[in-house]
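One structure is given here, and the rest of the page talks about it.
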Number of protein chains: 2
Amino acid sequence: MMVSTKGRYALRVIIDLAQHKDEGYVSLKSISERQKISLKYLEMIAASLNRAGLVQSQRGKEGGYMLTKPAAEYTVGAVLRAAEGDLAPVSCLDCGENTCERADSCITLPMWQRLDGLINGYLDSVSIEDMLKGEL
Amino acid sequence: MMVSTKGRYALRVIIDLAQHKDEGYVSLKSISERQKISLKYLEMIAASLNRAGLVQSQRGKEGGYMLTKPAAEYTVGAVLRAAEGDLAPVSCLDCGENTCERADSCITLPMWQRLDGLINGYLDSVSIEDMLKGEL
DNA sequence: ATAATTCCTATGATATAACTGGGAATAGCG
DNA sequence: CGCTATTCCCAGTTATATCATAGGAATTAT
């Protein structure tokens, strides 16, 4: 599995925030109830999104999270990478580090690289707004 | 990671068999030495490929494995699926079982389905012979 | 018979995923 | 000021998957 629950949940968080973007800061508690994801797990995911600058937070009472830009400017790829790290389909391609000693002679490497390009290209071409509008 | 060592090794086994297709049955011991993969691990992988009908085996002395068809007729997708099971990028799509109770209302599902189609389409379009020839 | 092989089942070791828990820091509100 | 709702931080836990390894039975050419 290339994308775990962490990434899928992150996507749902961003979508939820987009759907409630006119309500000021949205608390994780409310997202937790709507999305049926535990508050504690959401905290971890929100922290990743925050670190990546995809959301902004407000602490204290009446606090929560909101998007930092319009939904059209979020790509699925960017959200998943913020939550999951790299989206490489094989470890050979992870983080650009090509530590495999047989890389030079590996006849499968070009195939993996093309696959990786295909996956990232597609995920970066789909925006959150596309999904909200059902435009796929 | 979508493709683990099991799948990558399976690919290397098929490639190795293709490279030695004129030498009769090829033993796992020889593949093990060439590919630097433990014999015991190879046994598991070869068993999967055998069950899927991608290779045929001969037991006993002078035994081993050989391909059941020309290299051009093996796709990367078929080999990986034989070794790994499903290649779905998210568990939602695994094995066609869509047990997610929010599937009907899930606005991300069409995106995952397209991604899955893209990945499998590409992997099924590349043959072992393509890689051997460096035609990518 | 012997040696080389596949075949079968079980076990262990390590890593990753998927959460859970406790509590500190912050900020609005009465 | 005191209360409460929230994010923030870090650590611990459990479950599952990955990556093998181990031992031995069955088979077959020589």
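A quick note: this is a predicted structure, and the numbers were derived from the prediction, not measured. Here is the naming used below: chain letters follow the sequence lines, and residue numbers restart at 1 for every chain.
- Remark: B:Asp86 does not engage B:Arg81 in a salt bridge, criterion side-chain N to carboxylate O under 4.0 Å.
- The CD1-P distance, from A:Ile37 to C:dC19, rounds to 9 Å in whole Å.
- For A:Ser57 and D:dT6, the shortest distance from a side-chain N or O to OP1 or OP2 is not below 4.0 Å.
- Between the P atom of D:dA20 and the NZ atom of B:Lys36 lies a distance of 15 Å, rounded to the nearest Å.
- Between the side chains of A:Ser127 and A:Glu73, no donor N or O sits under 3.5 Å from an acceptor N or O.
- Across the protein-nucleic acid pair, A:Glu23 atom CD and D:dT6 atom P stand 14 Å apart, rounded to whole Å.
- Annotation: of the two residues near DNA chain D, B:Thr5 and A:Gln58, the 5′-most nearest-nucleotide partner is A:Gln58.
- Remark on DNA chain C: of its neighbouring residues B:Asn50 and A:Gly60, the 5'-side contact belongs to B:Asn50, judged by nearest-heavy-atom nucleotide.
- B:Tyr25 belongs to a hydrophobic cluster whose remaining members, ordered by chain and number, are B:Met66; membership requires side-chain heavy atoms of ILVMFWY residues under 4.5 Å apart, directly or through intermediates.
- If you take CE of A:Met1 and P of C:dT16, they are 17 Å apart, rounded to a whole angstrom.
- With 3.5 Å as the limit, one finds no donor-acceptor pair spanning the side chains of A:Tyr41 and A:Ser32.
- Distance B:Gln56 CD to D:dT28 P: 14 Å, rounded to the nearest Å.
- Here C:dT20 presents its C1' atom at 13 Å from CD1 of A:Ile45, a figure rounded to the nearest Å.
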For nucleotides 8-13 of chain C, list the nitrogen or oxygen atoms of the protein found under 3.5 Å from its nitrogen or oxygen atoms, one pair per line.
unit_1, atom_1, unit_2, atom_2, d
C:dC8, N4, B:Glu43, OE1, 3.2

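- B:Ser4 places no side-chain N or O within 3.5 Å of a backbone atom of B:Glu84 that could act as its donor or acceptor partner.
- Between the side chain of B:Asn120 and the backbone N or O of B:Asp116, at least one donor-acceptor pair lies under 3.5 Å.
- Between B:Asn50 and B:Gln56, the side chains place no donor N or O within less than 3.5 Å of an acceptor N or O (distance only, hydrogens not considered).
- Across the protein-nucleic acid pair, A:Leu39 atom CG and D:dT7 atom P stand 7 Å apart, rounded to whole Å.
- Counted by atom type alone, A:Ser38 and A:Tyr9 present zero donor-acceptor pairs between their side chains at under 3.5 Å.
- Residue side chain A:Arg59 reaches the base of C:dA25 through a donor-acceptor N/O pair under 3.5 Å, judged by distance alone.
- Counting to the nearest Å, the P atom of D:dA15 and the NZ atom of A:Lys6 are 20 Å from each other.
- Looking at which nucleotide of DNA chain D each of B:Lys61 and A:Ala46 is closest to, the 5′-most match is held by A:Ala46.
- Here the NZ atom belonging to A:Lys40 is positioned 13.0 Å from the CD1 atom belonging to A:Ile45, to the nearest 0.5 angstrom.
- Side-chain contact check for A:Arg8 versus B:Trp112: some heavy-atom pair is nearer than 4.5 Å.
- Applying the 4.0 Å criterion to OP1 and OP2 of C:dT20, one finds that A:Ser38 has a side-chain N or O inside that range.
- Contacts between residues 62-71 of chain A and DNA chain C, defined by a heavy-atom separation below 4.0 Å, involve A:Glu62, listed by number.
- Phosphate contact (OP1/OP2 of D:dA20, side-chain N/O of B:Tyr9, threshold under 4.0 Å): present.
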